[in-house]
2 protein chains.
Amino acid sequence: MARRNDHSREEIREMALEAAEQLVSEQGPGAFSARKVAGAIGYTVGTLYLVFDNLDDLILQMNARTLDRLHGRMLQARIQCRNSREALLRLGETYIRFADEDPHRWEMIFGHRTAEGEKTPEWFQQKVARMFALVEAVMQPLAKRRSAPEIAQAARALWGGVHGICILALTDKLGVAGVQSVQDLAQSLINNYLEGFTRQ
Amino acid sequence: MARRNDHSREEIREMALEAAEQLVSEQGPGAFSARKVAGAIGYTVGTLYLVFDNLDDLILQMNARTLDRLHGRMLQARIQCRNSREALLRLGETYIRFADEDPHRWEMIFGHRTAEGEKTPEWFQQKVARMFALVEAVMQPLAKRRSAPEIAQAARALWGGVHGICILALTDKLGVAGVQSVQDLAQSLINNYLEGFTRQ
DNA sequence: ACCTGAACACCGTTCAAGT
DNA sequence: ACCTGAACACCGTTCAAGT
């Protein structure tokens, strides 16, 4: 057995991530397993361990790609806006639409527990931080009298809030039905928060 | 083998839930398994299936008890306050302190994914709804000019927000260190939101 | 050098068989 | 009637052995 060399390391990595994303999207996180991913790309489980450290590593890399796509969409949403207030609302809308379009892939990012003792690697944390930095940048012109640390804190509070509404709604814990209601909640949070934050 | 009758059904249920809670508290959700819970109470795995439908059922019942304790704490926090604004801030503080004191048990509630196709049972959803009802009740006197549906929506937006800050911070995604920073973020969210919501 | 396949130590769940 | 223990179909992970 063995030595097929049909694909380079990098190709196998790409195929595996592609297959993993499809599996999660279509059947949810519960259906995800190393054997299924391997089977889907025509290799054995062992091969996955030549390319990834372990299953957590594979999931992390898959989640990184999802975060990259989200970040891309958020960047795109911002440049289509004429003012900062509109941009902030559009960022929230984009965030929720993205989660709603592929809830399984989304849950994979924020529902995935890093193993006890292990901590999320730096490069992944930065992909999350990048999102908050984007929110900060948009909030800056809205509260010119606030200091940089104040704006950083506000961006975290507000975006944590948008995220919370999103995650509770997607997991059926908010008692609201339909994406539009979730969008309304988030817009309400952003608008009212801004009211308080920019005044005074 | 078999027929010990040392404990009634109800006693086994109680022991199992107790053991499950301890296991999760001390070793995290990853260490949790039916065999470990059974072992901890001196019974076999099979016995658990005489008392619970399946592992999801056990987890749900454990989470229900956690939610009951949280609700109790929140009720207690409210009656110690002189006005509604203070009560709302104390509710947020209580929520976050509770999560921080036992993060694993907390994550079990909101990180637990109901199996694909299955949906969370009604009786559990109501325990979550009860929490939002409490927030609503506290917000009511703060915005007398708002309609009941408006207040219901505001409670969900605001508490979804507090939850989001809490969950992101606990899973190290907010880039903040220490409980106090999380508390600060939540208080900032509540204060600024209220500012916008109660004005006008 | 590359990949396999079988092994290991775990899972959740079921259920005939013992007392 | 109550509980067991073994079985089944799965896991993640490792690694000697084949080509």
Side-chain angles (χ1 to χ4, degrees), chain A residues 1-17 19-21 23-24 26-63 104 108 111-118, chain B residues 1-17 19-20 23-24 26-63 104 108 111-118 121:
Chain A
M1 283 297 122
R3 161 133 79 167
R4 317 191 333 181
N5 223 348
D6 286 347
H7 306 282
S8 73
R9 220 78 153 184
E10 189 47 49
E11 284 170 331
I12 293 180
R13 191 188 103 95
E14 188 62 29
M15 289 161 61
L17 289 174
E21 286 169 354
L23 198 62
V24 169
E26 294 174 1
Q27 304 188 238
F32 181 81
S33 88
R35 280 175 170 85
K36 281 189 195 162
V37 171
I41 64 172
Y43 279 84
T44 331
V45 232
T47 304
L48 286 183
Y49 286 82
L50 298 172
V51 178
F52 301 97
D53 294 342
N54 48 43
L55 210 64
D56 248 47
D57 182 37
L58 195 164
I59 292 173
L60 219 58
Q61 302 212 30
M62 173 172 61
N63 288 343
H104 290 321
M108 207 67 183
H112 180 242
R113 294 188 262 265
T114 42
E116 191 64 0
E118 290 292 303
Chain B
M1 282 295 120
R3 162 134 79 166
R4 315 191 335 180
N5 226 351
D6 287 347
H7 305 281
S8 71
R9 219 80 152 185
E10 189 47 49
E11 284 171 331
I12 293 180
R13 192 189 102 94
E14 188 62 30
M15 290 161 62
L17 288 174
L23 197 64
V24 169
E26 292 174 1
Q27 303 187 239
F32 180 81
S33 87
R35 279 174 170 85
K36 281 188 194 161
V37 172
I41 63 172
Y43 279 83
T44 331
V45 233
T47 304
L48 286 183
Y49 286 82
L50 298 174
V51 178
F52 301 98
D53 294 341
N54 48 45
L55 210 64
D56 249 47
D57 182 37
L58 195 165
I59 292 173
L60 219 58
Q61 303 212 29
M62 172 172 63
N63 288 343
H104 290 321
M108 207 67 183
H112 180 242
R113 293 188 263 264
T114 43
E116 191 65 358
E118 291 292 302

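Every heavy atom of this structure was used, including side-chain atoms; hydrogens, water molecules and symmetry mates were not. By convention in this document, chain letters (A, B, ...) are assigned in the order of the sequence lines, proteins followed by strands, and residues within each chain are numbered from 1.
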Seminar exercise, completed: Nearest-nucleotide check on DNA chain C, A:G46 vs A:R35; residue mapping nearer the 5' end is A:G46
Exercise. Hey, where does DNA chain D pair up into stems, meaning at least three consecutive Watson-Crick or G-U pairs with distances under 3.5 Å?
Worked result: C:4-8 with D:12-16, C:12-16 with D:4-8
For this session: Report yes if at least one side-chain N or O of B:T47 is closer than 4.0 Å to OP1 or OP2 of D:dT4; otherwise report no.
Result: yes
Seminar exercise, completed: Closest to the side chain of B:Y49, out of C:dC2, C:dT13, D:dC3, is C:dT13
For this session: Could you state the atom-to-atom distance from CD1 of B:I41 to C1' of D:dC3 in whole Å?
Result: 12 Å
For this session: Rounded off to whole Å, could you give me the CZ-to-P distance for the B:F32 and C:dC10 pair?
Result: 17 Å
Problem set entry | Interatomic spacing from CG in A:L58 to OH in A:Y49 - rounded to 0.5 Å | 9.0 Å
For this session: Indicate whether OP1 or OP2 belonging to D:dA1 is found under 4.0 Å from a side-chain N or O atom of B:R9.
Result: no
For this session: Figure out the CG/C1' separation between A:L50 and C:dC2, and round it to whole Å.
Result: 7 Å
Seminar exercise, completed: Per side-chain contact (heavy atoms from CB on, under 4.5 Å), B:M62 is matched among B:V24, B:V37, B:D57 by B:V24
Problem set entry | Proximity to the side chain of A:N54 - top-ranked nucleotide from D:dT13, C:dC3, C:dG12 | D:dT13
For this session: Report the distance from atom CZ of A:R13 to atom CD of A:Q61, rounding to the nearest 0.5 Å.
Result: 4.5 Å
Problem set entry | B:D56 side chain to B:T114 backbone, donor-acceptor under 3.5 Å | no
For this session: For the side chain of A:I12, starting at C-beta, report the closest nucleotide among D:dC11, C:dG12, C:dC3.
Result: C:dC3
Exercise. B:Y43 side chain: which of C:dT13, D:dG12, D:dT4 is closest?
Worked result: D:dT4
Exercise. For the side chain of A:T44, counting heavy atoms from C-beta on, which of C:dT4, D:dC11, D:dT4 is nearest?
Worked result: C:dT4
Problem set entry | Side-chain H-bond candidate by donor/acceptor type, A:H104 with B:E116, under 3.5 Å | yes
Problem set entry | Shortest non-hydrogen contact from A:I12 toward A:H7 | CG1-CB, 3.8 Å
